Amino acid sequence: MSFYVTTPIYYVNGEPHLGHAYSTMAADVLARHHRQRGEDVFFLTGTDEHGEPVELAAAREGISPRELADRNAPKFERMAARVEATNDFFIRTSDPRHMDRVSEVIQRVYDNGHVYEGVYEGWYCPRCADFKTERELGPGNTCPIHEIALEREREENWFFRLSAFEDDLKRLYAERPEFVVPEHRRNEALSFIAHGLQDVSLSRPNLNWGLRLPWDPEQRMYVWFDALLNYYTALSFAREGEDLSERFWPSCFHVLAKDILKFHAVIWPALLLAAGLEPPRGMVIHGYLLMGERKMSKSLGDVIDPGEVIDRFGADALRFYCLREVSFGQDGSVSAAGFETRYETELANDWGNLASRTLAMLARYRGGVVPEAAPDPELASGDDGLEGLEVRVCELIDRAELSGALEAIWSRVRRLNRYVEERSPWVLAKQEGESAGEGDGGGAPGEAGREAQQPGRPRTRSGAGDQLDVVLYNLAEGVRTLALLLVAFMPASSERLLDALGEDSREIAGFGSRGGGAMTERIPPLFPKLD
RNA sequence: GCCGGAGUAGCUCAGCUGGUUAGAGCAGCGGAAUCAUAAUCCGCGUGUCGCAGGUUCGAGUCCUGCCUCCGGCACCA
């Protein structure tokens, strides 16, 4: 089974910010999670480099568009690395291999008769060098930026016959209810389609930094078509000497923000159909991370600087915070104060401390060996029971409900902390020590205790000792299964914890699927408090 | 204007097809415990469930009207 996940390709004319990182982190969670399920995964991110804004920005600096792109693309590549994204490739649309492939595909669209020559007429601003939409116009048909009166201009364009795909799109949406999630975004796309589709410009003359149309080199492709096609073209050259298209298309899932919904949910599938290709398997539309009401702007004070957070707390903490704090698919506020609260209460106190106390008791009471015992039904069942959690989490992640998955996991983190209190292992340990009397009753720490736990040792302990085995086994097993589910979200810390638990596998596993016997070790706090 | 969504504890939000005393997390107050990163666990809320009507034996949950906020309404890289 193959799973191909993409982020949007980021427009190279700008600096990476938390919003970009958010898409990348979410896509990475999906990629890692599906790898854990043993699927054949390919994860793509990259930069979108053509188009007029890049051309203009480069001109302002007196450099070529390519130089501008070459300078900025690495920033996005580094951003992906910083949030510990495991992308298999980083595509740049200025890559000649991408451009060649785009030409092939768009030629097919042309050959299939979905393109025609027409005239685009609109309000043109010579200073912006761009057409303005009716909505953008200032009073009296003026440019909102330059405040000058605009003229009606006509321009030869090639058009893509989007209108011809209305029925196909409606059918696609009807047959695949989860093509676009969350549902409110799906409805938005659907109502957009229902209102009737108009053809869209495919190319323009007078562009310099863009792909030439194969059948009309005077015209350059509108950057959107070039950009969308990256998801498909990358597969043909991402791996040297190999074409992955067969292997990963159309099992493709897009992660994107709501501002580019229409391009992905309407134009993109139509374009693929026009080229005789399958639409992707689906897409998830996420919202914006708001900082103090404003969208991503650097207003005063309480903002999140992703680089700084990663430096101080690690990428795991940033990934967790963003996906936990705002319900994935909706807009939500993030702040430095909010981050600190979640970091301290949930990562350090709830989860990190649960790991610490579990490992500590394992070491202290059982010499670092997970005892042999059965899953405790008390812990396995109930609303926040451990049993079946992995199934639930997989279902949620299949619907791209990442925050929902974290919430499901967290209710079990709390459950395990409660379990510790309910069973008071330290009391059991004391009782065990007392009734064991003379011997090596199990209270002995260090090597002696470890020796005492070798398999085959006669089980002469008291009832308290057996109960302690049960509690410690269940704690170890509970923490282990949660850590496995958290690998996708917080890879570094989860890996460290799993190593400490003597777990080699990274496959998603159910509660109780592993027996006792594993060697564990104490480790420094997963999420240290930094006061 | 048209279409859609939302308005529930100080804060952030859950509440599916109407039915026991409306829930969770955070923050606050009190207590227990000591395995642990002084972490954890337990207890504590007089909430007009936006406003006004209506349907119903019964509505936060359905209907009508109103108020407020938000999103979409075609090229916005």
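Keep in mind it's a predicted model, so treat the numbers as computed, not measured. The chains referred to below are lettered A, B, ... by the order of the sequence lines, with proteins before strands, and numbering in each begins at 1.
- No more than 12 heavy-atom neighbours from other residues, nucleotides or ligands sit within 6.0 angstrom of NZ on A/K430.
- Side-chain proximity of A/R418 to B/U40, B/C26, B/C41: nearest is B/C41.
- If you check B/C51 for Watson-Crick or wobble pairing at under 3.5 angstrom, you find it paired to B/G65.
- If you check every strand for non-hydrogen atoms under 4.0 Å, A/Y10 touches nothing.
- Remark: P of B/C75 and CG of A/L197 are 13 Å apart, rounded to the nearest angstrom.
- Phosphate contact (OP1/OP2 of B/C41, side-chain N/O of A/R414, threshold under 4.0 Å): absent.
- Taking only side-chain atoms of A/N353, from C-beta outward, the nucleotide of B/A39, B/U40, B/C73 with the closest atom is B/A39.
- Partner of A/R92 under the salt bridge (charged side-chain N to carboxylate O under 4.0 Å, His left out) criterion, out of A/D48, A/D226, A/D70: A/D70 alone.
- A/G51 comes within 4.0 angstrom of nothing in the nucleic acid, heavy atoms only.
- At the heavy-atom level, A/D226 lies nowhere under 4.0 Å from the strands shown.
- Counting only heavy atoms from C-beta on, A/Q198 has its side chain closest to B/A74 among B/A36, B/C41, B/A74.
- Closest to the A/Y222 side chain, of the nucleotides B/U40, B/C75, B/A74, is B/C75.
- Nucleotides B/C42 and B/A33 are separated by 10 Å at their C1' atoms, to the nearest Å.
- The distance from atom CE of A/M361 to atom P of B/A33 is 17 Å, rounded to the nearest whole Å.
- Side-chain atoms of A/S356 lie closest to B/A36 of the nucleotides B/C76, B/A36, B/C35.
- If you take CG of A/L379 and C1' of B/C41, they are 15 Å apart, rounded to a whole angstrom.
- Using the Watson-Crick or G-U wobble rule with both distances under 3.5 Å, B/G1 pairs with B/C73.
- The separation between A/W351 atom CH2 and B/A36 atom P is 18 Å, rounded to whole Å.
- Within the nucleic acid shown, A/A348 comes within 4.0 Å of at least one base atom, counting heavy atoms only.
- When heavy atoms are screened at a 4.0 angstrom cut-off, A/S191 is found touching no nucleic acid atom at all.
- Counting non-hydrogen atoms under 4.0 angstrom, A/N417 reaches the backbone sugars and phosphates but no base.
- Contact record, A/V119 with A/E156: CG2-OE2, 3.6 Å, taken as the closest heavy-atom pair.
- If A/W426 and A/E407 are placed on RNA chain B by their nearest nucleotide, the residue sitting closer to the 5' end is A/E407.
- Separation of the P atoms belonging to B/G5 and B/C49 is 22 Å when rounded to the nearest angstrom.
- Residue-to-nucleotide proximity on RNA chain B shows that, of A/E325 and A/P8, the 5′-proximal contact is made by A/E325.
- Across B/C11 and B/C67, the matching C1' atoms stand 24 Å from one another, rounded to whole Å.
- Figure legend. B/C57 is base-paired to B/G19; pairs are counted as Watson-Crick or G-U wobble with both atom distances under 3.5 Å.
- Taking side-chain N and O atoms only, A/K529 has a distance below 4.0 Å to OP1 or OP2 of B/A39.
- Comparing the P positions of B/G4 and B/G65 gives an interatomic distance of 12 Å, to the nearest angstrom.
- B/G43 and B/G50 are spaced 33 Å apart, taking the C1' atom of each and rounding to whole Å.
- In the set B/U40, B/C35, B/C73, B/C35 carries the atom at the smallest distance from any side-chain atom of A/V420.
- Base pairing analysis places B/C26 opposite B/G10; the two distances defining the Watson-Crick or G-U wobble pair are each below 3.5 Å.
- As judged by a 4.0 angstrom heavy-atom cut-off over every strand, A/G210 is placed among residues making no nucleic acid contact.
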Residues A/E55, A/R220; criterion salt bridge (charged side-chain N to carboxylate O under 4.0 Å, His left out); working and verdict: CA-CA 13 Å; A/E55 194 178 325; A/R220 306 252 185 178; over 6 Å; no

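- When the C1' atom is compared between B/G10 and B/C51, the two are found 23 Å apart, to the nearest whole Å.
- With distances taken from any side-chain atom of A/E421 to the nucleotides B/C26, B/C35, B/A14, the minimum falls on B/C35.
- Here B/C35 presents its P atom at 14 Å from CD of A/Q431, a figure rounded to the nearest Å.
- Nearest to the side-chain atoms of A/L526 among the listed nucleotides B/U40, B/C35, B/U37 stands B/U37.
- Heavy atoms of A/T345 sit under 4.0 angstrom from primed sugar atoms or phosphate atoms, though from no base atom.
- To the nearest angstrom, C1' of B/G25 lies 7 Å from CZ of A/R342.
- Atoms CD1 (A/I285) and C1' (B/G72) sit 13 Å apart, rounded to a whole Å.
- When both distances must be under 3.5 Å, the Watson-Crick or G-U wobble mate of B/C41 is B/G31.
- With 3.5 Å as the limit, one finds no donor-acceptor pair spanning the side chains of A/D376 and A/Y473.
- The shortest distance between the side-chain N/O atoms of A/K430 and the OP1/OP2 oxygens of B/C35 is not below 4.0 Å.
- Contact between the side-chain N/O atoms of A/N187 and the OP1/OP2 oxygens of B/C3 is not found at any separation under 4.0 Å.
- The residue A/L416 sits apart from the nucleic acid: no heavy atom pair falls under 4.0 Å.
- A donor-acceptor contact closer than 3.5 angstrom links the side chains of A/S23 and A/H286.
- Comparing the same atom, C1', in B/U61 and in B/U56 gives a spacing of 13 Å after rounding to whole Å.
- Ring geometry, A/F76 versus A/Y10: the interplanar angle falls under 30°, so the pair is classed parallel (tilted spans 30 to 60°).
- Only the C1' atoms considered, B/U12 is 28 Å distant from B/U20, to the nearest whole Å.
- Using a cutoff of 4.0 Å between basic side-chain nitrogens and carboxylate oxygens, A/K529 and A/E340 are not scored as salt-bridged.
- Within 4.0 Å (heavy atoms only), A/R415 reaches no atom of the nucleic acid at all.
- For residues 186-195 of chain A, the set of pairs meeting the side chain to side chain donor-acceptor pair (under 3.5 Å) definition, not counting sequence neighbours, comprises A/R185-A/E188.
- You'll find that the side chain of A/Q330 is closest to B/A14, out of B/A14, B/U37, B/G72.
- Across all strands shown, B/A36 forms no Watson-Crick or G-U wobble pair with both key distances under 3.5 Å.
- A/R480 and A/L498 make their closest contact through O-CD2, 3.8 Å (heavy atoms, listed as atom of the first residue, atom of the second, distance).
- Side-chain proximity of A/D350 to B/G25, B/U37, B/U40: nearest is B/U40.
- A/R423 comes within 4.0 angstrom of nothing in the nucleic acid, heavy atoms only.
- Regarding A/D383, its CG atom lies at a distance of 13 Å from the C1' atom of B/A14, rounded to whole Å.
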